[in-house]
Participant: 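Dropping a structure here in structure tokens format, bear with me for questions.
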Amino acid sequence: MVSERNLSKNVCIIGAGPSGLVAARELRKEGHNVVVFEQNHEVGGQWLYQPKVEHEDPLGSSNVLKVHSSIYASLRLTSPREIMGFTDFPFVVKKGRDPRRFPGHKELLLYLQDFCEYFGLREMIRFNTTVEYVGMLDYPEFGKDLRWIVKSKEKEAEERVEEVFDAVVVATGHYSQPRLPSIKGMDAWRRKQMHSHIYRVPEPFRNEVVVVVGNSLSGQDIGMELVDVAKEIHLSAKSLDVSEGLSKVISKHQNLHLHPQIDSLHEDGRVLFVDGTSIVADTIIYCTGYSYSFPFLDTKGMVIVDDDRVGPLYEHTFPPSLAPSLSFVGIPRKLIGFPFFESQAKWIAQLLSGKRTLPSWDEMMQSIKEFYRSREVDGIPKHNTHDLANFEVKLSKLLKNQ
Ligand SMILES: Cc1cc2nc3c(=O)[nH]c(=O)nc-3n(C[C@H](O)[C@H](O)[C@H](O)COP(=O)(O)OP(=O)(O)OC[C@H]3O[C@@H](n4cnc5c(N)ncnc54)[C@H](O)[C@@H]3O)c2cc1C
């Protein structure tokens, strides 16, 4: 018989954003001892708006980011509040707060803070503490439980603290490390270039000629709000076949222009597009997305990031060779997030307590290979491996069947 003691694990969760918070709640509910490390002074992750970015590396090329959040001041949720909240803690309208169905970003931060207070999660969180290293205590040996060394540093402390945990849950998000295109002349271009990671408000671009690269949600949002302050906005998109909404906005504003991709940048400030047209710009804002990055994680090559594919990961959650003691919450992109994070958290908690079991290593690897193959057949590039829009997520089915 397995003793009570064995069922409860010492678990380190990295990150107190939506994924880390729900993981903390589920793991504690299951009887585990949990410590959450959060580099910021407050919970919320991306939703903790950080207005001060002036000392940031504008292209975010360095691996060391000071600002985690990429949220800009005007951002409103793209999904309605009814489908955003955790399953047992709905994101309802509260008196005196933003009542909109697609509220502003601050409302989601308040919701996460309410969640935290309601379930008493703060006592588990070590704020202002960055995890700098996670590595295996012993290389995985058959029949031996894997444990993890976690090295962290509190902001004001001089020394790093080293601790050992039975399991590590990585919940560090993936909208902070800018992904940049490679454009001829980019290094030599002397005017302002920045990634949308540090875009906050339109005012600094008053009377400028701005090129916005990328036609994603942020590219469109930023382009549209610059219309009222910038002299000209040139939106450069992979395809000129844009949404009806954007076409309407372009036709209404004489200073908003649509272009194909950039061919090259020139020292005199010229931006040449692939159709041969060019303009002279003051600033280029790259709204070109983000890369997965786990600078603290040393798995001896058992989990790697290859062209934005984090893997191998069974159901985007467990690396088969290190499961269940290492797991990831929140890796999938473009799906209704919070309830999915919650299912992942429940699954991890129950696997660690031995209530559930995983398939064999061979079966998990087989499932991962089949998933990769099906994506290839559908023509989805490797860097979109974790984009689960329109893809049937099997996790809830998996949980029900076990
Ligand atoms: C512009 C923008 C708009 C978005 N709009 C929506 C939307 O409308 N709807 C939606 O569902 N999602 C949206 N998202 C996605 C958003 O990222 C998720 O909603 C959610 O925040 C992901 O939660 P998470 O906890 O996985 O990651 P995050 O929210 O990124 O939280 C990760 C946490 O980990 C901490 N951390 C990171 N590294 C370390 C470390 N080494 N040590 C200690 N702590 C660390 C960070 O400080 C942070 O608090 C948007 C994202 C962006 C950038």
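Worth knowing before you read on, the calculation uses all heavy atoms, side chains too, and leaves out hydrogens, waters and symmetry mates. Positions are given from 1 along the sequence. Order of listing sets the numbers, starting from 1, for every ligand and every atom in it.
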Participant: Which atoms of ligand 1 are found less than 4.0 Å from any heavy atom of S19?
Facilitator: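 Those of ligand 1 that fall under 4.0 Å from S19 are 23 (O), 24 (P), 25 (O), 26 (O).
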
Participant: Which of the atoms in ligand 1, numbered in the order shown and given with their element, are less than 4.0 Å from a heavy-atom of G15?
Facilitator: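 Result: 33 (C), 34 (O), 35 (C).
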
Participant: Given salt bridge (Lys or Arg N to Asp or Glu O under 4.0 Å), test E208 with R191 step by step and report yes or no.
Facilitator: CA-CA 12 Å; E208 285 194 355; R191 299 183 178 197; over 6 Å; no

Participant: Considering L109, I71, I222, V329, which one's heavy-atom position lies nearest to atom 52 (C) of ligand 1?
Facilitator: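 The option holding the nearest heavy atom is I71.
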
Participant: Under 4.0 Å from a heavy atom of A171: give me the atoms of ligand 1 that qualify, with their elements.
Facilitator: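 What qualifies from ligand 1 is 32 (C), 33 (C), 34 (O).
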
Participant: Please step through ring-ring contact (aromatic ring centres under 6.0 Å, His included) for the pair H316 and F371, ending with a clear verdict.
Facilitator: CA-CA 10 Å; H316 307 268; F371 173 69; 5.1 Å; yes

Participant: With a 4.5 Å cut-off on side-chain heavy atoms, are L77 and E107 touching?
Facilitator: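 Answer no - side chains too far apart.
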
Participant: Just to verify, which of H197, Q193, R179 counts as forming a side chain to side chain donor-acceptor pair (under 3.5 Å) with Y286?
Facilitator: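 The option that passes is Q193.
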
Participant: Quick check: does Q46 get an N/O under 3.5 Å from an N/O on ligand 1?
Facilitator: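 Yes, at least one N or O pair falls under 3.5 Å.
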
Participant: Below 4.0 Å from ligand 1: does a non-hydrogen atom of L108 turn up there or not?
Facilitator: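 No, that is not the case, since the closest heavy atom of the residue is not under 4.0 Å from the ligand.
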
Participant: Can you find an N/O atom of Y72 closer than 3.5 Å to an N/O atom of ligand 1?
Facilitator: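 No: no nitrogen or oxygen of Y72 is under 3.5 Å from one in ligand 1.
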
Participant: Tell me, with the steps shown, if Q113 and E117 meet side chain to side chain donor-acceptor pair (under 3.5 Å).
Facilitator: CA-CA 6 Å; Q113 288 171 333; E117 304 319 328; over 6 Å; no

Participant: Can you see whether T277 engages D275 through a side-chain donor-acceptor pair at a distance of less than 3.5 angstrom?
Facilitator: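 T277 vs D275: donor-acceptor pair found between side chains.
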
Participant: Looking at ligand 1, does any of its N/O atoms fall within less than 3.5 Å of an N/O of R76?
Facilitator: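 No; every N/O pair is 3.5 Å or more apart.
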
Participant: Which ligand 1 atoms does G45 reach within 4.0 Å, using its non-hydrogen atoms?
Facilitator: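 Numbered from 1, ligand 1 contributes 28 (P), 29 (O), 31 (O), 48 (C), 49 (O).
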
Participant: Between T317 and Q344, does the side chain to side chain donor-acceptor pair (under 3.5 Å) criterion hold? Intermediate values first, please.
Facilitator: CA-CA 7 Å; T317 311; Q344 286 184 299; 3.0 Å; yes

Participant: Pair S236, H259 - check side chain to side chain donor-acceptor pair (under 3.5 Å), show working.
Facilitator: CA-CA 5 Å; S236 161; H259 297 268; over 6 Å; no

Participant: For ligand 1, which atoms, with element, lie under 4.0 Å from some heavy atom of F338?
Facilitator: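 Going through ligand 1 atom by atom, the ones under 4.0 Å from F338 are 19 (O).
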
Participant: Hey, do the aromatic rings of W347 and F318 have their centres closer than 6.0 Å?
Facilitator: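 Close enough - the centres of the two rings lie under 6.0 Å apart.
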
Participant: With a 4.5 Å heavy-atom cut-off, do I348 and E26 have their side chains touching?
Facilitator: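 I348 vs E26: side chains apart.
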
Participant: As an exercise, identify every atom of ligand 1 less than 4.0 angstrom from a heavy atom of M84.
Facilitator: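 Here the atoms of ligand 1 in question are 9 (N), 10 (C), 11 (O).
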
Participant: For E38, is at least one N or O under 3.5 Å away from an N or O on ligand 1?
Facilitator: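 Yes, E38 has an N/O under 3.5 Å of an N/O on ligand 1.
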
Participant: Given G17, G173, P295, which one has a non-hydrogen atom that is nearest to atom 27 (O) of ligand 1?
Facilitator: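 Looking at heavy atoms only, G173 sits closest to atom 27 (O) of ligand 1.
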
Participant: Is the closest heavy atom of Y290 to ligand 1 under 4.0 Å?
Facilitator: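 No heavy atom of Y290 comes that close to ligand 1.
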
Participant: Are the side chain of H68 and the backbone N or O of G45 linked by a donor-acceptor pair below 3.5 Å?
Facilitator: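 No.
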
Participant: Could you check which of Y175, F340, W47 puts a non-hydrogen atom nearest to atom 6 (C) of ligand 1?
Facilitator: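 When every heavy atom of Y175, F340, W47 is considered, W47 comes closest to atom 6 (C) of ligand 1.
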
Participant: Out of all atoms in ligand 1, which are within 4.0 Å of some heavy atom of I14? Include the element for each.
Facilitator: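 Numbered from 1, ligand 1 contributes 40 (C), 42 (N), 43 (C).
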
Participant: Strictly under 4.0 Å, does any heavy atom of S218 approach an atom of ligand 1?
Facilitator: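 Checking ligand 1 against S218, which is what was asked, there is no heavy-atom contact under 4.0 Å.
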
Participant: Counting C-beta onward and ignoring hydrogens, is there a side-chain heavy-atom pair between L352 and E30 closer than 4.5 Å?
Facilitator: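 Not touching, per the 4.5 Å side-chain cut-off.
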
Participant: Against heavy atoms of L75, which atoms of ligand 1 measure under 4.0 Å?
Facilitator: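 Within the 4.0 Å cut-off of L75, ligand 1 contributes 1 (C), 3 (C).
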
Participant: When you compare ligand 1 with T78, is there at least one nitrogen or oxygen pair between them that comes in under 3.5 angstrom?
Facilitator: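 Yes, since at least one N or O of T78 sits under 3.5 Å from an N or O of ligand 1.
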
